[in-house]
Every structure is written in structure tokens, then in C-alpha cells.
Amino acid sequence: MKCNTNPVKGMRDFLPSEVRLREYLTGVIARTYAQHGFQRIETPAVEHIELLQNSEGGENLALIFKILKRGEKLDLTKASQNEDELVDSGLRYDLTLPLARFYANQRARLPEPFKAWQIGTVYRAERPQKGRFRAFTQCDIDILGEASEIAELELIHATAEALKAIGLRGFTVEVSDRRVLAALVAALGLDTALTPLVAVCIDKADKIGWEKVIEELVKQGIDQIAAAGLVGVMQSLSLGNLAEHGVSSSVVEALSGVVETAATFAGGDYNVRFAPTLVRGMGYYTGMVFEITTAELGLSVAGGGRYDGLVGKLCGQSVPAVGFSIGFERIVLLLEQQGFTPPVSIPSVALLYNRGECTAHSVITAAEALRQQGYAVRTLPERAKLGKQLSQLEAEGFAGYYSLAKMELVMFERA
RNA sequence: GUGGGUAUAGCUCAGUUGGUUAGAGCACCAGAUUGUGGAUCUGGGGGUCGUGGGUUCAAAUCCCAUUAUCCACCCCA
């Protein structure tokens, strides 16, 4: 039977060369996070559907891959069928929610505050396009149990250091705070329930321009004068004048402190700035939010924020929390665009033998001897057109080859 | 969820206003030659032209549907 050999829509196969780049990157990121004192944890890809759906995950809720009940619990004969009755679990769409559940469940065994890092695949049933897949890898660091902005600073610093270690420069860390916009909305006398709606419109400013933002706001039922007023304030907003617009002094101090301190650690390698239009989609964010963008890629390469309410909803005890996630796939995309190739850890050689002319024993013995010398060795039958084979091996990244017939090791000349 | 592009050999792609047996390069296999490290030459295998309908004497080519894929929007990493 002939069947479709493509991976499922939005999912990908990875070739050896692609995996090599990905492994190199995860290695660099892992090392940086470990240096900053974060501990790796793992959680399952599958979570209870209730957790995923009652999470204020914003638009992501519509994108959950749902998993059918199994066995007798899957009753397809019921008259009134809706999705919820057939589904009991789903694939995670981010790493934050599973972490919050993990923490609520394992808290007794974890240090306080807890600094965790994770790498894992998450799933969203979106329409795939450039830099966007249905299964993709995220690298998260989170601090739970730390209410002060030292947590924000540590996360920004560690994430920026990870990107630097990968070789990225000139990126911009944007910082804002959910409470800024909420204060502005309140100061203008608008219903604060409108804040999330307003946030979505404001978020588009960079793309569609302020004129259009006003139109959008009006379309959402906000009157023209208030909309224009809000946009006017937004355009002139800076760390210096936040207090004049009704933002509480504690928020202003925390925000300026984070932006200024983070900038001193950047040392010219990257930028840190207050970005009033930064909002972010997740509903669970309660305070500061951040994002990292690069000029080369029109997409953000990292995003995060404070979500103080999330753990409390799961275990009843309020636990402050902040997280920052690296969009692994976008880093990969960026490096591929730059033609980046990861450094080789061990030089590899190909051991070429003639089929039929030598025993398996002699092949493996010779290979072992080379491994003892520190090479990674792949045994391969020698082809009739040796020259062609050798050029292919060289292109594949082999440092040299060993001819079993001639008993000699030949290194390729480095161009 | 909305809009657009593409679909021909393992890969990258040609294919004229519809017209005989659908092509090239790369890759693969065999042979020749070079006295065997990439070259050169000859030959070979390999395609239901995404799928299903329709128009026509005749469809890879035109029309419709469908699927896949890529890109953009929404939103996001």
C-alpha cells in the first residue's frame, strides 16, 4: 500500500545536519541556564484538557490538539455529542502551564524560590508558515516564589546571555508591564474590563500605525475622543512620565529599575528598552512582560512575563512567578539564514572496506583502534568510484578516511 | 479562521498558441578511458505529469472540484 510519506501538516522530519545544529544550540542554551543556577525539569507533552482550557491562554485555546478518550470511556453512541464529552486530554501549547501544574504538585520537594529550565516540544494547531509550525521547541526559564523584580532581571540576563552564547548580537529586549495600560485605561475613565481588548489594538501599532489603531479602538466600541486620547498618551509615553498618567509609583520604579539595570549588563551587545506597545497574548500575565526581537527576523525570538496568579489557581496558595521562553525554531531559522555551521566536537573519519574481501571482525577491530585514537568512526563499503565517494565524505564533514585495504589514514586537506 | 502562489524522475526544474514515444542537470547503476581523489566519454534504470471529473479528434498544457505544500493576514515562539 502506498501512503503519504510526508510528515503530518506542520510537523517536520529533521535531517542529520539539522539535528546537529539543533543539538548544538540546545547544548549552548542548557549550559548557560545551568551556569545561572537553573535546574532542568521535564513534564509530559500531554495534559488534562481542563488545565489547558481553563488557563487564560488567550487565542491558543482554539489551537489545542485534543486527545480522544480511550476504551469504554469513549462512548460514541451517546445522542448529544460534543467535543468536550469525547476528550479528556490534550497536547501542551506552551511550557508555562505544565510548569505551574508541576510546581503545584511537587512544591513540597522543591527549593524556594525554585529556578527551573525546560526544553520541550509544544503543539498548536495553527496554519503553518515561515517560522511557524504545529510542533515546535521552546526553551523556558522560570522563577517561582520570588515576588521582587530581581526575578525579572535574572531571567532577562540569563536569556540574553544564552542568545549571546549562540552568537547573536544587536537584538533588542523590550520590556513593558500589563499594569501600565490598565492604569492608562482607568485614568481615561474607561471601563477597565476593556483593557484586554484595548491591549490587542495597541499591540498592532508597530505594524499598522497609530491612525489605524484609533480606528480599531473605535470599532471595538470606544469613543473617538477617548481612543485618540489614549493613543496620544501612548505615543508620548516614557519611563519618565508614566507617573503623570496614573501608573502607580511602585510599578514605575520596578519597571525603570529593570530596564536600567538590564541595560547595564547588556554592555552594548544588545539593547534594552521600555516598549509601551508590548502587550503579549497570554491572559495569565499579571505584571511585567518582555520580548526579544531581532532586525533580521520580523518575528520575536523570545517572550515572557510575570504570571503571579497562575500557580495559586491550581493549588490555592498564591505563588509569584516569572518566565522567559526562547523560541528555539526562530533561532534555528536565523542561524540557517546566516549559513551558520556548528563547530565539530570530535573529528570523524570514514573507515572504507571492500565488501567480500575482509571480515566483519577485521573491520570492527580497525574501527575500534581509530576510536581509541579519539576519532568518531563510521564504517562504509568502498565504492567503485573512490574519488567521488571521497568528495562526498569531505562535503559531509569527515576529517579524513582510513583505507582498510591499504591500512592507511588519510586526512582531507582543509581548504 | 481569511486570502494568494505552486504541484512534471530520488532532488532542482524545463516543457511553445492544446498536437506523435514527456525532457535537462544533479544523483544512482554498468562500461570505457584516465594507470585508479573528485575529471572525461558511452549506455542504463527510474514518471498513471498530485488526485478526481469536465471541454476537445487530441490535455502536463484549458475549466471545475479536491488534496498537499509554501507564502501572507489574524494571532503567536
Side-chain angles (χ1 to χ4, degrees), chain A residues 2-13 15 22 25 29 57-64 92-97 118-141 159 162-163 171 174 196-197 199-204 206-208 212 216 219 278-285 289-294 297-305 323-334 350 352 354 381-396 398 400-403 405-406 408 410-413 415:
Chain A
K2 204 173 173 182
C3 70
N4 186 359
T5 57
N6 288 317
V8 167
K9 184 202 282 283
M11 314 281 170
R12 290 161 298 160
D13 294 330
L15 293 167
R22 297 171 75 85
L25 287 182
I29 293 169
E59 302 253 339
N60 288 333
L61 299 188
L63 308 173
I64 298 173
R92 61 184 176 193
Y93 57 78
D94 71 7
L95 295 178
T96 306
L97 213 49
Q118 331 175 53
I119 182 164
T121 310
V122 302
Y123 305 85
R124 294 180 197 173
E126 287 185 285
R127 197 105 137 208
Q129 60 181 273
K130 186 174 183 178
R132 181 179 224 169
F133 311 97
R134 286 185 158 191
F136 60 98
T137 301
Q138 285 191 323
C139 305
D140 268 38
I141 40 174
T159 303
L163 297 184
F171 51 85
E174 301 189 324
L197 220 61
V200 173
C201 300
I202 297 289
D203 193 39
K204 294 181 189 170
D206 292 338
K207 278 183 200 160
I208 63 176
K212 293 261 167 103
E216 291 263 328
K219 221 179 282 175
L278 176 64
V279 178
R280 301 191 48 76
M282 300 299 183
Y284 49 64
Y285 290 129
V289 288
F290 13 89
E291 209 163 271
I292 297 180
T293 55
T294 65
L297 212 64
L299 304 157
S300 64
V301 296
F324 208 166
S325 174
I326 291 181
F328 185 76
E329 309 299 343
R330 290 175 178 179
I331 306 287
V332 171
L333 204 68
L334 202 58
L352 302 180
N354 286 309
E382 185 175 325
R383 289 213 300 256
K385 299 198 188 230
L386 180 65
K388 204 158 219 183
Q389 183 175 23
L390 293 177
S391 66
Q392 286 170 356
L393 291 173
E394 193 171 358
E396 205 185 315
F398 280 92
Y401 72 101
Y402 181 84
S403 166
K406 292 184 181 170
E408 63 172 356
V410 181
M411 304 312 282
F412 297 126
E413 285 176 27

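Throughout, a chain's letter reflects where its sequence line sits, starting with A, and its residues are numbered from 1.
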Could you check how far [atom1] of [X] sits from [atom2] of [N], rounded to whole Å?
X: A/Ile326; N: B/C76; atom1: CD1; atom2: C1'; value: 17 Å
X: A/Lys385; N: B/G31; atom1: NZ; atom2: P; value: 9 Å
X: A/Asp13; N: B/U69; atom1: CG; atom2: C1'; value: 14 Å
X: A/Glu382; N: B/G37; atom1: CD; atom2: C1'; value: 11 Å
X: A/Arg134; N: B/C70; atom1: CZ; atom2: C1'; value: 14 Å
X: A/Phe412; N: B/G37; atom1: CZ; atom2: P; value: 12 Å
X: A/Phe398; N: B/G37; atom1: CZ; atom2: C1'; value: 16 Å
X: A/Leu386; N: B/G38; atom1: CG; atom2: C1'; value: 9 Å

From the set [options], return the single nucleotide nearest to any side-chain atom of [X].
X: A/Arg124; options: B/C76, B/U40, B/G37; result: B/C76
X: A/Arg127; options: B/C28, B/G37, B/A72; result: B/A72
X: A/Ser391; options: B/G31, B/G38, B/U2; result: B/G38

- Can you check whether any acceptor in the base of B/G37 is under 3.5 Å from a donor in the side chain of A/Glu394, or vice versa? yes

Of A/Lys130 and A/Phe133, the one whose nearest nucleotide on RNA chain B sits closer to the 5' end is A/Lys130

The residue, A/Pro128 or A/Glu329, whose nearest nucleotide of RNA chain B is more 5′ is A/Pro128

Given the [atom1] atoms of [N] and [M], what is the spacing between them in whole Å?
N: B/C41; M: B/U34; atom1: C1'; value: 11 Å
N: B/U69; M: B/G25; atom1: P; value: 32 Å
N: B/U6; M: B/C62; atom1: P; value: 10 Å
N: B/C73; M: B/G54; atom1: P; value: 40 Å
N: B/A27; M: B/C64; atom1: C1'; value: 38 Å
N: B/U16; M: B/G52; atom1: P; value: 23 Å
N: B/G15; M: B/U61; atom1: C1'; value: 9 Å
N: B/C74; M: B/A7; atom1: P; value: 28 Å

In the strands shown, is [N] matched to any nucleotide by a Watson-Crick or G-U wobble pair with both distances under 3.5 Å, and which?
N: B/A32; value: B/U40
N: B/C57; value: B/G19
N: B/U66; value: B/G50
N: B/C76; value: none
N: B/C26; value: B/G10
N: B/G3; value: B/C71

Hey, is the side chain of [X] poking within less than 4.0 Å of OP1 or OP2 on [N], counting only N and O atoms?
X: A/Arg383; N: B/C28; result: yes
X: A/Gln129; N: B/A72; result: yes
X: A/Gln392; N: B/C28; result: yes
X: A/Lys9; N: B/U69; result: yes

Scan [X] against the nucleic acid and name what it touches under 4.0 Å (heavy atoms): base, sugar-phosphate only, or nothing.
X: A/Phe324; value: nothing
X: A/Val301; value: sugar-phosphate
X: A/Ser300; value: sugar-phosphate

| request: Identify whether the distance between the nearest side-chain nitrogen and carboxylate oxygen of A/Glu382 and A/Lys406 falls below 4.0 Å. | output: no

**Request:** Using a strict 4.0 Å threshold on nitrogen-to-oxygen distance, state whether A/Lys9 and A/Glu126 make a salt bridge.
**Result:** no

dist A/Thr96:OG1 -> A/Tyr284:OH (nearest 0.5 Å) comes out at 3.5 Å

Q) When you measure from the side chain of A/Arg124 to the backbone N and O of A/Ala62, does any donor-acceptor pair fall under 3.5 Å? A) no

Looking only at atom types and distance, does a side-chain atom of A/Gln118 sit under 3.5 Å from a main-chain N or O of A/Gln138, one as donor and one as acceptor? no

Looking only at heavy atoms, the pair that brings A/Thr137 and A/Glu329 closest together is N-OE2, 2.8 Å

* Asked: Is the distance between the ring centroids of A/Phe412 and A/Phe398 less than 6.0 Å?
  -> no

Between the side chains of A/Arg383 and A/Gln392, is a donor N or O closer than 3.5 angstrom to an acceptor N or O? yes

Syn within 90° of 0, anti beyond: B/G35 is syn

